Each structure stands twice: as structure tokens, then as C-alpha cells.
Amino acid sequence: MTTQASDMDTESITMFRDSASAFLDAVDQRQRVRALEAGGGGFDRDVWQQIADMGWLSILVPESLDGLGLGLAEVAAIAQECGRHLLPEPLVDAGVHPLALLCALPVSSARDELIKKLSAGHTVAGVAWQEKAGELEASNQLTRATSSHGQWVLEGQKRFVRPGLGADGWIVSCHLDAQPALVWVSADQAGVRLSAEQAVDGSLLCSVSFTQVEIASSQLLALGPTAQAALSRANEVARIIQSAELVGIAERALSLTRDYLCTRTQFGKPIGSFQALQHRMVDGLIQVELGAACLREGLAVVSSPDAGEQLWASTASRLKSRCAFAACEMTRMAIQLHGAIGTTNEYDIGLYFKRAMTLSSRWGNPASHRRRYAHIVGASRAAVPATTDQAEYTEFPPDARWDDMPEVEFRRMVRAFFAKHYPAERRYRPYRQTWAESKDWYMTLSRLGWLAPAWPKEHGGMGLPADKLIAYIEESEAWGVARPPDQGLVMVGPILMRFGTDEQRARFLPKILAGEQVWTQGYSEPNAGSDLAAVRTEAVIDGNEFVVNGQKTWTTWGMDGTHMFMLVRTDKTVKKQAGISFLLVDLKTPGVTVRPIQNLAAEREFCEVFFDNVRVPLANLVGELNQGWTVAKALLGFERLFTGSPKHSQHTLHQVEKLARQRGLLEDPVFLARLTELQLDTADLGAAYNGFAAIAKRGESIPASISMLKIWSTETYERLALLLMESADDYGGLRDHCLTDEIDLHVVAPLFNALGAKIFAGSNEIQRNILAKAVLDLPS
Ligand SMILES: Cc1cc2nc3c(=O)[nH]c(=O)nc-3n(C[C@H](O)[C@H](O)[C@H](O)COP(=O)(O)OP(=O)(O)OC[C@H]3O[C@@H](n4cnc5c(N)ncnc54)[C@H](O)[C@@H]3O)c2cc1C
């Protein structure tokens with residue numbers, strides 16, 4: 001299984017990933033883990049030397065010190081492979097962390113010499129900085145170097161040090177003359193004592209104590225704020241790379257479990273055919289994908305030269321909390337899905353679980369990183385999302401060459417357009433808008449030529465290339481532009497361009513653009529919901545016409561609709577998908593009856609539509625007779641991306657934050673913990689969305705794994721909607737927009753909307769079925 005993170009590798013990353021995978025595959029690392037554990041823990045120095053010889057330890061080291069001078073993404077790719085293979089050697093603790101720290105220090109001969117020895121593998125060292133469980137920054141309260149007879153003497157103790165046994169020494173963080181300092185201490189110096197405890201994955205965590213340890217001036221590596229800043233940065237680097245390792249662990253646990261589900265048989269079939277297990281696997285897959293997406297985005301964020309300390313810290317916390325959570329969830333679930341054998345020490349799956357547990361607890365566990373994230377982002381929470389960067393509005397140039405326009409400029413132009421033309425009072429409407437409410441806006445877009453961004457220019461559209469189209473839709477969502485009844489634009493138009501005749505295109509497309517036709521989608525029926533191919537509404541040919549009888553239901557905008565594109569049964573004798581046709585129907589035709597249905601919010605969102613001997617011209621058949629299923633399936637495209645858009649979650653999150661400020665909830669630690677979890681869920685949804693959008697922008701076909709977006713976006717939306725309701729206390733039961741001095745929002749609308757969103761466009765259970773088959777390839 002590859003995730004989005006590995007899909008987007010550059011050449012040098014792929015090279016490191018492949019060579020790491022080949023090296024790690026050559027020997028079964030899981031057997032090495034067992035052997036090392038049985039021998040008392042630790043690691044193998046010969047293997048460490050091979051790692052150094054392959055250049056893994058030199059990646060972050062500048063070329064001036066014989067390093068490769070590459071970035072974190074290359075190290076992350078290797079760490080991900082180490083996670084997949086369970087390499088027992090402490091790559092992050094003994095490789096990434098000390099070298100990242102040394103490289104961040106001011107140049108000195110002691111530093112340079114140590115960098116060379118460490119990256120060559122001749123010296124193995126760790127950083128001894130932590131004194132208490134749960135510390136995320138070095139406090140140095142217990143470890144101090146004081147002046148004595150012209151040199152320093154170090155006293156104190158460090159905990160959770162790795163490597164401990166087998167290390168040649170440590171870079172020790174301490175207070176020296178009341179300033180933070182980093183000093184080099186050799187393992188064989190007098191006064192250094194070590195005690196080791198075995199972690200659940202067989203590795204060792206040590207306590208190192210220093211009693212009257214003499215520190216020469218040549219051992220002082222850094223003093224003062226520089227030492228503190230370098231250590232903080234190195235800690236973040238370690239967390240980010242450890243997150244990559246955790247993603248690797250989760251990925252491999254997923255693929256091993258998948259293989260097991262395909263081979264283990266119970267009740268006469270592979271257990272992977274049971275839907276309960278398939279859906280749990282999909283939830284694991286979602287976590288793996290989120291971890292990978294978050295990792296990819298995090299690496300990009302910190303690679304920017306403008307990334308300051310706060311951004312590094314919040315990014316590292318975001319990554320660590322997501323990736324550790326993903327690895328722990330996936331590996332724990334893997335044990336359950338293996339049954340009893342999963343709980344044994346002899347079977348390998350438990351090794352992944354125990355490695356995930358060990359790494360999750362190290363460098364701050366998910367809960368402590370969520371707390372830190374909350375603390376960091378708390379300062380910026382008062383800010384309203386920025387939508388102010390607009391260009392001076394100029395009329396849309398009808399012959400504009402969009403390809404030539406930089407995306408940033410295009411976005412600014414679109415924002416300026418919305419700011420000028422979209423009625424302010426219609427921004428962020430709580431519920432779906434009717435035609436009466438949105439007609440003016442539709443006609444404005446039509447008049448100015450902005451109505452059909454996706455349509456080619458020859459059909460009257462803007463002809464936007466994929467990247468600009470996505471930008472256009474994202475900007476419209478960010479501006480809170482309500483979607484008008486647009487199924488003619490987003491569904492019928494593209495279908496007719498692909499499957500329709502010239503006559504059909506000439507007959508329908510101009511009327512859609514002119515706002516003369518409002519189209520509705522007639523797929524669902526009382527007995528054809530998720531099982532759409534079971535449609536029974538029948539169309540029988542009689543002369544030049546079809547005669548349609550039956551019923552459609554849940555027809556959105558049915559009260560406004562002038563037309564319907566519908567699936568009808570035209571052959572009952574063949575396999576159900578093979579006897580369906582795609583028809584265009586004028587809803588004013590005699591025999592059509594439309595009855596509105598109120599949804600939970602008492603809105604007339606959809607209708608049921610009855611057909612009683614409705615005569616439809618044969619010329620309204622789209623595509624071939626009985627080929628309607630193929631036509632219907634072709635509608636999947638960008639839509640799949642936008643049903644997973646983070647817009648609803650992002651907007652609801654802002655609502656929750658606004659309410660929390662108004663009602664003083666940010667002081668409540670329980671509320672804050674839940675809010676932070678949802679902030680991270682929303683941020684990671686954005687990362688996953690951006691990954692798929694990047695694929696679409698490159699014009700590549702969108703992979704089947706995109707179904708995870710719809711699930712995660714609608715379920716995150718629902719969790720946010722519930723928090724909004726809960727945070728509103730008594731207002732949580734009110735039907736309409738609440739406006740008092742302590743609240744100004746529609747409390748219940750997001751929940752009602754989220755409930756619908758989990759059902760339409762393929763329910764979340766159906767999306768899980770799709771992922772189980774198309775991505776995990778689980779048996780039927
Ligand atoms: C707000 C809204 C707008 C809609 N707009 C339109 C529209 O404009 N046009 C249109 O044609 N339709 C529309 N629909 C209908 C929508 O497409 C269907 O509701 C959807 O396909 C589910 O069908 P169903 O409601 O009959 O539920 P069912 O298929 O009866 O499902 C009931 C439950 O069983 C689960 N389930 C069903 N099959 C399986 C399975 N194989 N495995 C696991 N679980 C399963 C479902 O996930 C669901 O939880 C809309 C629905 C909503 C809520």
C-alpha cells in the first residue's frame with residue numbers, strides 16, 4: 001500500500017526510500033527485534049555502521065562537513081521505511097536528533113568534530129535532555145554544571161535517554177552558570193552511571209546520572225539562548241521524523257492485517273468478506289491516509305525558510321498527535337482482527353503494536369501534543385479567518401487566458417469578484433437555498449459570464465483549467481457563497497457534452513446558462529437507495545416517445561425544478577445495471593406530480609415526484625438505450641473531490657470558536673481538549689483534501705481512495721456540529737438563528753446538514769464498502 005505521502009515523492013526521496021526498503025528487506029528485522037530483546041535490548045553497532053555507510057546519518061549534515069546537505073523529506077522517507085520494517089536501531093534518537101542539534105549550533109571545532117564522528121558512525125551518541133515524564137522542553141532543573149577549580153563539574157540526572165547502553169556518550173542539556181548549556185559527556189567518564197529499563201518493544205530507555213563529572217572547556221558545545229533554541233528545534237525535528245516512522249508502522253500493520261483477512265477462513269469464507277471487519281479496516285485506512293497527508297503537509301510547512309519557532313512547534317505537535325494516534329489505533333485494531341493469535345508474542349503483528357506504543361509515549365504522547373497545540377494556536381484563535389486579500393475589482397475579461405495567470409492572482413481576482421457582486425446578507429446561509437432565493441445571483445453570474453467555470457468556452461463557459469477551477473470553487477466556498485440550484489451546470493451540462501447529441505446540446509445548454517431551466521436529479525426511488533441499480537421507474541417505447549411510470553424520491557430542489565435527468569428501467573430481462581437508460585424530462589409534461597417533503601429542519605429541501613403515463617420524446621434519451629448506468633457513473637469526477645471538501649467543517653469550527661469566545665468556554669480544559677482534537681481533525685482533513693486536489697490539478701485521474709475524504713469530512717462535520725450544539729447549552733434546542741448578547745449563530749443547522757451529508761452522494765457505509773473493495777481489495 002502506498003499513501004499520498006509516498007505518491008508525491010521527488011526523485012531523491014524515491015531513491016532513499018527504495019534503497020532503505022532494499023536494505024531493510026535483506027534481513028527480517030522482526031527476527032532481529034526478537035533476538036535483541038532476548039539478549040537484553042539495545043542495538044547492533046555493525047548495523048549502525050552500515051546505516052552510516054549508506055549515508056542516512058549524513059542527510060541533514062551540510063556538504064562543508066562531508067554531509068549530503070539534503071532536507072527532512074529524505075530523512076522522513078527513510079524513517080517511514082524503518083517504521084514499515086521495524087528496524088530496531090534508534091535512527092531518530094541516535095541519528096536524527098543529535099545531528100539535527102549539532103547542525104543547529106554555532107560552528108566550533110568541538111561541534112564539527114562530533115558531527116563528523118557521528119555521521120560516519122564511528123561514534124554513537126544520544127541527547128540527554130529530559131528529566132521528568134511528559135516534559136516537552138528541557139527544564140534542566142536537576143542537571144547543573146558549576147565552576148570548580150577552573151573547570152566545571154556536572155551533577156544531576158536525565159531520564160528516558162536513548163541510546164543508553166552501547167552509546168559512546170551524550171550531548172547533555174544542563175544549566176551552566178545559570179544559563180542553558182549543552183555539553184558533551186563521554187560514557188566512560190568518571191561519575192557517569194547508567195541504569196536501563198526495557199520498553200515494550202524490546203528497546204532500552206535509560207536513566208543517566210552525573211556525580212561530580214568533570215567537564216573541560218572543550219566539552220562545552222553551546223551556552224545561553226543558542227543552546228536552548230537549537231535543542232528546541234532538534235526536538236521538533238525528532239518529533240516530525242518519528243511521526244514518519246509511525247506512519248510506516250501504521251501502513252505495514254494495515255497491509256499485514258489486510259493479507260491476514262484474505263487468508264484466514266471462518267464460517268467457510270475469508271474473514272475479510274465480513275462487512276464489520278471491512279469497515280473497521282477502512283477506518284484504519286482513513287487514519288493511515290490522514291497521517292500520511294498530515295506528514296506531507298507538515299514537511300512542506302517546516303521546509304519554508306519563513307517557518308518560525310511557533311510554526312515548527314505547532315506542526316510537530318500536529319504531526320505527532322495524528323501519526324501516533326493513527327499507528328496506535330491501526331495496530332491495536334490489527335490485534336483484534338487477528339483474533340487470539342494477535343495477542344501472542346510469537347506472532348508478528350504484536351511487534352507493530354508494541355513499537356507504536358513505545359514511540360507514541362516518547363517525545364510527548366498525542367494528548368500532551370494536543371495540549372501544546374492548543375496552547376500555541378490559542379493566541380491566534382481570536383483572529384477571524386483571513387479573506388481580505390483582494391485585488392481591485394476589474395470586469396472579467398471574457399477572452400482571458402487563464403493558463404497564463406498565476407493562481408494567487410486568479411484567487412485574488414475571484415475574491416474581488418465575490419466581494420463586489422455577492423450579496424453580503426446571503427453569505428454562509430444555514431440551509432440549502434431555493435431558486436427564488438438564489439435566482440438573482442445565478443442571473444448575475446450568467447450576465448457576467450462567470451456561471452459555468454468548468455464548461456469549455458465554446459459552450460459559453462469560462463473554460464478554466466483544473467487548477468483554476470478548483471481555486472474558483474474553493475474561493476466561492478471560503479466566501480460563503482450559497483450553492484444555487486446548479487445541477488444543470490454541474491451534472492447535465494458535462495453529461496451532454498460527453499454523451500449528448502449536437503441537437504441536445506443546442507436545445508439544453510443555452511437555457512441552462514440563461515437560467516431558464518432548473519434541473520433536478522431523479523435517481524433514488526423508494527426501493528432504490530444505496531442499491532441504485534434497482535430502479536423500477538419504467539420507460540416503455542411507444543412510437544416516437546417513451547411512456548414513463550413510477551416514482552422518484554429525495555429529489556433535491558424538486559419544488560423549483562423545471563426538468564429532471566433520470567434513470568429509468570428500459571429492459572427488465574437483463575442484469576439490472578444493463579437495463580437502465582438516462583432520460584431528460586420536462587417536469588411540466590402532463591402526468592408529473594411533485595410533492596414536497598420537509599426535512600428535519602422543516603425545510604422543503606427535497607420532493608417525491610410521481611410519473612403517471614408521462615410521454616417523453618425519444619430525442620431526450622442520452623447515450624444509447626440501456627447504457628444509462630455508464631452515463632450515470634461518468635458523473636463521478638470533480639464531484640468526488642468536492643463532496644469531501646473541508647468547507648463545512650472549517651466553517652463550523654469557526655462557529656464553535658466564535659461561540660466559545662462569546663460564552664467564555666476557552667477557559668474550560670475539557671472543552672478545550674475537545675476543541676483541539678477537532679481543530680486537528682479539520683486541519684488534517686484539509687491536508688488530505690489538498691493532496692487529492694493536487695492530483696486533480698495535475699490532470700491525473702483521482703484514485704479510488706478519495707472516498708475516504710467524504711467519510712472523514714462529513715463525520716468531522718458531524719462531530720463539530722455536536723460540539724457546537726453542546727456548547728450552546730439551552731440554545732442547543734432552538735430551531736432558528738439565535739441572536740442574543742451571548743450568541744449569534746444558527747446552532748442546529750450544521751447537525752441537520754451533516755446528517756444528510758453522511759447519506760447523500762453515496763452513504764458513508766457505501767463509501768466504506770467501496771474502499772474495502774477498490775483500495776483494500778478485500779474479498780466478497
Ligand atoms: C439531503 C439529501 C438530498 C438528496 N438528494 C437527492 C437527489 O437530488 N436525487 C436523488 O436521486 N437522490 C437524492 N438523495 C438520496 C440519496 O442518494 C439516498 O438517500 C442514498 O443513496 C441512500 O439511500 P436510502 O436513503 O434509500 O438509504 P438505504 O439505501 O435504504 O440505506 C439505509 C441504511 O443502510 C445502509 N446501507 C445500505 N446498503 C448498505 C450496504 N450494502 N452496506 C452497508 N450499509 C448499507 C446505508 O448506508 C444507510 O445507513 C438525497 C438524500 C439526502 C439525504
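One-based numbering, in listed order, for ligands and for the atoms of each. Scope of the values below: all heavy atoms of this structure, side chains included, with no hydrogens, waters or symmetry mates. Keep in mind it's a predicted model, so treat the numbers as computed, not measured.
A salt bridge does not link K758 with E715: every distance from a Lys NZ or Arg NE/NH1/NH2 to an Asp or Glu carboxylate oxygen is 4.0 Å or more. A salt bridge is absent between E538 and R569; no separation between the charged side-chain nitrogens and carboxylate oxygens falls under 4.0 Å. The pair K647-E474 does not count as a salt bridge, with every side-chain nitrogen at least 4.0 angstrom from each carboxylate oxygen.
Per-atom contact check: atom 40 (C) of ligand 1 touches the protein, criterion being a heavy-atom distance below 4.0 Å. In this structure, atom 32 (C) of ligand 1 has its sub-4.0 angstrom surroundings free of protein heavy atoms. At a distance under 4.0 Å, a protein heavy atom can be found next to atom 8 (O) of ligand 1. Distance remark: protein heavy atom not present below 4.0 angstrom from atom 35 (C) of ligand 1.
Residue, atom and distance of the protein heavy atom nearest to atom 53 (C) of ligand 1 are G756 O, 3.9 Å. Counting only heavy atoms of the protein, atom 38 (N) of ligand 1 lies nearest to S530 CB, 3.7 Å. For atom 15 (C) of ligand 1, the closest heavy atom belonging to the protein is S524 OG, 3.2 Å. The nearest heavy-atom contact from the protein to atom 24 (P) of ligand 1 is G529 CA, 3.9 Å. If you check which protein heavy atom lies closest to atom 20 (C) of ligand 1, you get I759 O, 3.8 Å.
Polar contact with ligand 1: absent for H279 (N/O pair, distance under 3.5 Å). Residue-to-ligand polar distances place N769 within reach of ligand 1: an N/O pair is separated by less than 3.5 Å. Residue contacts with ligand 1: Q487 is placed with no nitrogen or oxygen under 3.5 Å of a nitrogen or oxygen of the ligand (distance criterion only). In terms of polar-atom proximity, defined here as any N/O pair under 3.5 Å, T556 does make such a contact with ligand 1.
In this structure, K511 places its NZ atom where only 12 or fewer heavy-atom neighbours from other residues, nucleotides or ligands lie under 6.0 Å away. Around atom CH2 of W554, no more than 12 heavy atoms belonging to other residues, nucleotides or ligands sit under 6.0 Å away. Few gaps surround CD on E700; more than 12 heavy atoms of other groups in view lie less than 6.0 Å from it.
L451 is listed as a side-chain neighbour of L489, based on a closest heavy-atom distance under 4.5 Å.
Heavy-atom proximity to Q275, at under 4.0 Å, picks out these atoms of ligand 1: 40 (C), 42 (N), 43 (C).
No heavy atom of K552 sits closer than 4.0 Å to any atom of ligand 1.
A donor-acceptor pair under 3.5 Å is absent between the side-chain atoms of D586 and the main chain of H563, judged by distance alone.
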**OP:** Using the side chain to side chain contact (heavy atoms under 4.5 Å, CB included) rule, take T265 and F267 through it: C-alpha gap first, then chi angles, then the decisive distance, then the call.
**Re:** CA-CA 7 Å; T265 301; F267 301 99; over 6 Å; no
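Checked by atom type, the side-chain pair N626/T570 shows a donor-acceptor distance below 3.5 Å.
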